Amino acid sequence: MASRARVRAPELVGKGGWLNTGDKELTLSDLRGRIVVLDFWTFCCVNCLHVLDELRELEERHRDTVVIIGVHSPKFVHEAEHQAVVDAVERYEVEHPVLDDPELATWKQYAVRAWPTLVVIDPEGYVVAQHAGEGHAHAIEKLVEELEAEHEAKGTLRRGDGPYVPPEPVATDLRFPGKAIQLPGGTSRTESGGGSFLVSDTTRHQLVELDADGESVLRRIGTGERGLSDGPAERAAFSEPQGLALLPGGTVIVADTVNHALRTFDPATGEVATVAGTGRQWWQGSATEGPAREVDLSSPWDVAYFDGLVWIAMAGVHQLWTYDPEAGTVRAAAGTTNEGLVDGPAAEAWFAQPSGLAATEDKLWIADSETSAVRWIDREGVVHTAVGTGLFDFGHRDGAADQALLQHPLGVTALPDGSVAVADTYNHALRRFDPATGEVTTLATDLREPSDAVLVGDDIVVVESARHRLTRLRLPEEAVRVESVAHRTQRAATEVAPGRLKLDVVFQAPAGQKLDTRYGPSTRLLVSSTPPELLAEGDGAGTDLSRELVLADGVTEGVLHVSAMAASCDDAPDIEYPACHVHQQDWGVPVTVTADGTARLGLVLAGLDSEG
């Protein structure tokens, strides 16, 4: 086994305290003898949610030697609230200890720069690996196996039960519901003349039909256990379903988020079927169109029927896709997979975790959650922004749309007058954008993490996800006025020197692989900035992973957006048909220009072991 630098792991500290430990405060000395994996995450981040799912198998297979510790490191103000972290740990079924670190103390001690980041600590308390981004579970498992063998031989490995203590379950009819729609009349289980609601009961991996009162449970669809299986309601299985949309024939299309699939549910028969996705997560290099059951998807979060197609908010890759029910095909329809806020033709637009959709006659409204934005795409395929400025500005401010602020909205609902209601999730509010006036107003506050809303006559029924219920509100004639607040992300900016900045993306192919240069350059680097004026030179695409940037005079802060890709193939001479692999990582690096800042920015593109 190759020797590693011996760097002692800093202590784990966070003012929010510990979750999933039975109120015990953990220290690294408590964990000595175990292999510790620190998962720096924040619950708004879909890549962080992907990593939670990737770690489940590792956690199960090495339960007696490995302790995974989640270090919750917030981006949004709401994520620094302790109760919000408690809710997220339950919502996403995090079954390991979590340190709530609202002030990013441990994040800074470990010099973390991106969500998510994984750090591996050996049984003697030394840091032996650090990986940013997702897709590293396989590589970490190999390292774990090496560490198990090494420290078993040294006598420094301690096997046994870990410190995880599950919380007490809570009995409610819904548990962190995600989205809702109203079903037409005449379902098999209600004679109320229509008006029942279908709700994605996300944490319980079910769909639930509620009576028109929004409270009485009529039936449950799905076993309630995480899985991917079709059939009648009592045998079907989902994994954290979210978006729902009614198709013209009365069938419901379901965004089965963690299964990376689209499912259908027939309210008349109770049958569930898979119509798109393979159950595998899409990676760079995978197909972006083709037969729906043969193309991978990535965390579809919402769906809407628009212009004869099912549109998919593909949160996991920052795109919009479409599913054609007649042809049985899917394709990428808008977005480049780069994360950010860029308008224009669909193929050139950038999104950031689109999570809510609502269709009208001439446009598709989009809740673009990580940019705290409301956007729309027209029938000509052009993307526009109504509210929002980018990845790092958010808050609660009404007024003109170019000055208004939201905080991580997850849902949009088209209203009859052409305006749109916004489930402003992290502001616990229902907001409204009126294109006729260009104004944003607040319709209601004191909603707990609203994630969707359904228009019912003169009322609007809000999915209060963190209160585990539907709440009916009368649409008010005048907005509720609230005090304006603006925020920027808490992540510390990198101080850079003015003028020339050397950008180096370091890539090393995994063991047994080499760069694939058979068909030309095997690497790609894309650089842009917010605001665009930050870069005087160096933006755009190229094949070299090193580039000299020139920062413009007079711009003192901003965000550098860097996207790097490398392709490698197996290098064993006895493999006749070597497998090839695509490795990609996107960074948003906040920078502040200061006289004594660094003149070099280094980023690491870690080699993954996922086939492309």
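Values below: every heavy atom of this structure, side chains too, minus hydrogens, waters and symmetry copies. Owing to the predicted nature of the structure, the values given are computational and were not obtained by experimental measurement.
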* Asked: Do R32 and D30 sit within salt-bridge range, that is, some charged N less than 4.0 Å from a carboxylate O?
  -> no
* Could you name each residue pair satisfying side-chain hydrogen bond (donor to acceptor under 3.5 Å, both in side chains) that touches residues 14-25, not counting sequence neighbours? => none
* So do the side chains of L228 and T274 get within less than 4.5 Å of each other, counting heavy atoms only? -> yes
* To do: Test ring-ring contact (aromatic ring centres under 6.0 Å, His included) on F76 and F43 and set out the steps.
  => CA-CA 10 Å; F76 289 98; F43 63 78; 9.1 Å; no
* Asked: Taking NZ, NE, NH1 and NH2 as the nitrogens, is one of them in E449 or R467 under 4.0 Å from a carboxylate oxygen of the other?
  -> no
* What residues form a side chain to side chain donor-acceptor pair (under 3.5 Å) with D596, not counting sequence neighbours? -> T594
* Which residues pass the ring-ring contact (aromatic ring centres under 6.0 Å, His included) test with H62, sequence neighbours left out? -> none
* To do: List for me each residue that meets side chain to side chain donor-acceptor pair (under 3.5 Å) alongside T203, sequence neighbours excluded, and say none if there are none.
  => none
* Ionic contact status for R56 with E95, cut-off 4.0 Å -> no
* Sequence neighbours left out, what passes side chain to side chain donor-acceptor pair (under 3.5 Å) with T257? Give chain and number order. => none
* Asked: Any cation-pi pair here, K75 with F392, using under 6.0 Å and within 45°?
  -> yes
* Would you call E464 and R469 a salt bridge, taking side-chain N to carboxylate O under 4.0 Å as the test? -> yes
* **Straight-line distance of L143 CG to H136 NE2, nearest 0.5 Å** => 13.0 Å
* **Listed partners of E240 passing side chain to side chain donor-acceptor pair (under 3.5 Å), at least two apart** => R226
* Asked: Will you find, in the side chains of Q281 and H50, an N or O donor that is under 3.5 Å from an N or O acceptor?
  -> yes
